[in-house]
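This report concerns only the one structure given below.
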Amino acid sequence: MGEDNHDNVGLSREELRRLVFACLRPSANLAEEASLSLAELKALVELAYYQRARRSGLKMRQITGLFDIGMTKAAELSKDLKEHFLAPERQHGIGRQILSLLWSEPLSSTRIERELPAFSPQELEAALAQLVAEGRVVKQKGRTQRFAVAKAVHRLSLVPWMARVDGLNTLMDHVHMAINARFMNKDERALVRNVAFRVTPQSIPRLKAFYEEALMKLILELDEEAHRSEDSVSVRLSILWTPEED
């Protein structure tokens with residue numbers, strides 16, 4: 001990777017390093033709180049980088065050059081990633097990603113396979129069958145069978161721990177997209193706001209009620225309008241809050 005290969009995003013090498021450093025802060029905080037060694041944290045960073053490289057379409061030979069490692073090390077990364085860190089996506093993320101695709105338009109199984117290359121055809125077939133059985137996805141009749149969402153909102157009933165990890169993966173993906181939009185593409189439509197305020201302990205449930213009763217209602221209205229329009233864009237929205245101990 002040369003010094004000038006990021007000129008197209010309009011940021012200097014130092015600015016890009018600062019962005020990456022800022023994004024590593026949550027990982028460093030969690031690692032310290034969990035008493036992980038520096039070696040363990042470095043190994044996890046390697047795996048995350050390897051996963052990103054593979055999903056970007058890089059071949060193993062290209063990855064060895066990018067990482068400055070041999071094929072044996074690359075094979076070890078591949079093995080570790082599959083055995084230890086893909087469970088949330090394999091078990092839960094696959095259904096979420098299928099629904100996300102079908103939210104925009106009905107798709108054939110062939111198209112779904114092309115859009116989700118990280119999963120095998122067998123995994124996608126099983127996930128689609130499960131979504132159909134749950135009534136979340138329906139099969140459309142026609143010359144080519146297509147799958148479509150059955151409802152406007154899909155809330156998967158998932159095993160708590162792995163489901164939360166999958167939700168965390170989604171949140172991190174949304175954060176990455178927002179960073180790209182705001183810093184790389186200078187897209188003013190991307191909005192990030194940080195708010196700190198005080199509430200009584202009894203008021204915290206009202207935040208959830210606001211999301212359920214007001215914000216989600218607006219989201220559904222906007223989505224219905226978009227489906228009636230020929231001009232629409234996909235929006236990724238994440239909301240989180242947490243009480244802070246004084």
Side-chain angles (χ1 to χ4, degrees), residues 1-28 30-31 36-98 100-101 107-128 162 165-166 168-185 234 236:
M1 296 176 66
E3 289 295 320
D4 300 320
N5 65 341
H6 290 292
D7 287 347
N8 60 317
V9 302
L11 297 177
S12 68
R13 185 77 170 185
E14 182 58 28
E15 288 171 329
L16 288 167
R17 283 167 53 85
R18 286 180 178 272
L19 282 180
V20 173
F21 181 78
C23 293
L24 286 174
R25 287 179 60 183
S27 298
L30 285 171
L36 296 186
S37 68
L38 183 58
E40 289 177 292
L41 180 57
K42 287 180 177 179
L44 292 174
V45 171
E46 284 184 334
L47 284 176
Y49 200 1
Y50 172 82
Q51 182 182 42
R52 169 62 182 180
R54 289 294 286 173
R55 291 189 172 178
S56 296
L58 295 184
K59 305 300 182 182
M60 290 292 278
R61 184 63 62 184
Q62 294 173 299
I63 291 176
T64 58
L66 175 64
F67 288 15
D68 192 23
I69 59 177
M71 287 297 295
T72 300
K73 175 63 176 179
E76 290 176 358
L77 291 174
S78 177
K79 181 174 181 292
D80 288 345
L81 183 65
K82 291 177 182 178
E83 291 185 354
H84 302 294
F85 294 99
L86 290 184
E89 293 187 8
R90 298 297 183 192
Q91 296 178 27
H92 309 301
I94 185 171
R96 171 182 54 77
Q97 292 187 46
I98 290 174
S100 180
L101 282 177
L107 297 174
S108 66
S109 58
T110 301
R111 175 69 182 280
I112 293 173
E113 290 175 14
R114 187 163 64 247
E115 295 293 332
L116 299 175
F119 304 105
S120 70
Q122 293 76 21
E123 289 173 320
L124 291 170
E125 181 181 359
L128 279 168
M162 285 300 187
V165 174
D166 178 62
L168 179 60
N169 287 337
T170 301
L171 171 63
M172 294 297 107
D173 287 342
H174 289 186
V175 170
H176 169 245
M177 294 171 69
I179 292 171
N180 269 351
R182 287 175 63 82
F183 290 93
M184 307 293 197
N185 302 326
S234 178
R236 296 290 183 264

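Each residue takes its place number in the sequence, starting with 1. Because the structure is predicted, anything quoted here is derived from the model rather than measured. In what follows, every heavy atom counts, from backbone to side chain, and hydrogens, waters and symmetry copies are set aside.
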Nearest 0.5 angstrom please: [X] [atom1] to [Y] [atom2], how far?
X	Y	atom1	atom2	answer
Gln122	Glu113	CD	CD	8.5 Å
Ser109	Leu128	OG	CG	7.5 Å
Ile69	Leu77	CD1	CG	5.0 Å
Arg111	Leu116	CZ	CG	10.5 Å
Lys82	Gln51	NZ	CD	12.0 Å

(Q) Looking at Glu125, I want to see if its CD is surrounded by more than 12 non-hydrogen atoms of other residues, nucleotides or ligands under 6.0 Å. (A)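 Atom CD in Glu125 is not crowded, with 12 or fewer foreign heavy atoms closer than 6.0 Å.
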Q) Taking 4.0 angstrom as the limit, do Glu46 and Lys42 come out as a salt bridge? A)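 No salt bridge links Glu46 with Lys42.
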Q | Lys/Arg-Asp/Glu bridge criterion (N-O < 4.0 Å) met for Arg18, Glu15 | A |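 No, this pair does not count.
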Q: Taking all heavy atoms of Ala74 and all of Tyr50, pick out the closest pair and write down the distance.
A: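 Heavy-atom minimum between the residues: O-CE1, 4.0 Å.
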Q | Cys23 versus Ile179, closest heavy-atom pair with distance | A |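 Nearest heavy atoms, Cys23 then Ile179: SG-CD1, 3.2 Å.
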Q.
With a 3.5 Å distance limit and no angle check, can you tell me whether Gln97 reaches the backbone of Ile94 through a side-chain donor-acceptor pair?
A.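 Checking the backbone N and O of Ile94 against the side chain of Gln97, no donor-acceptor pair under 3.5 Å is found.
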Q | Ser234 and Arg236: side chain donor to acceptor below 3.5 Å | A |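 There is such a pair between these side chains.
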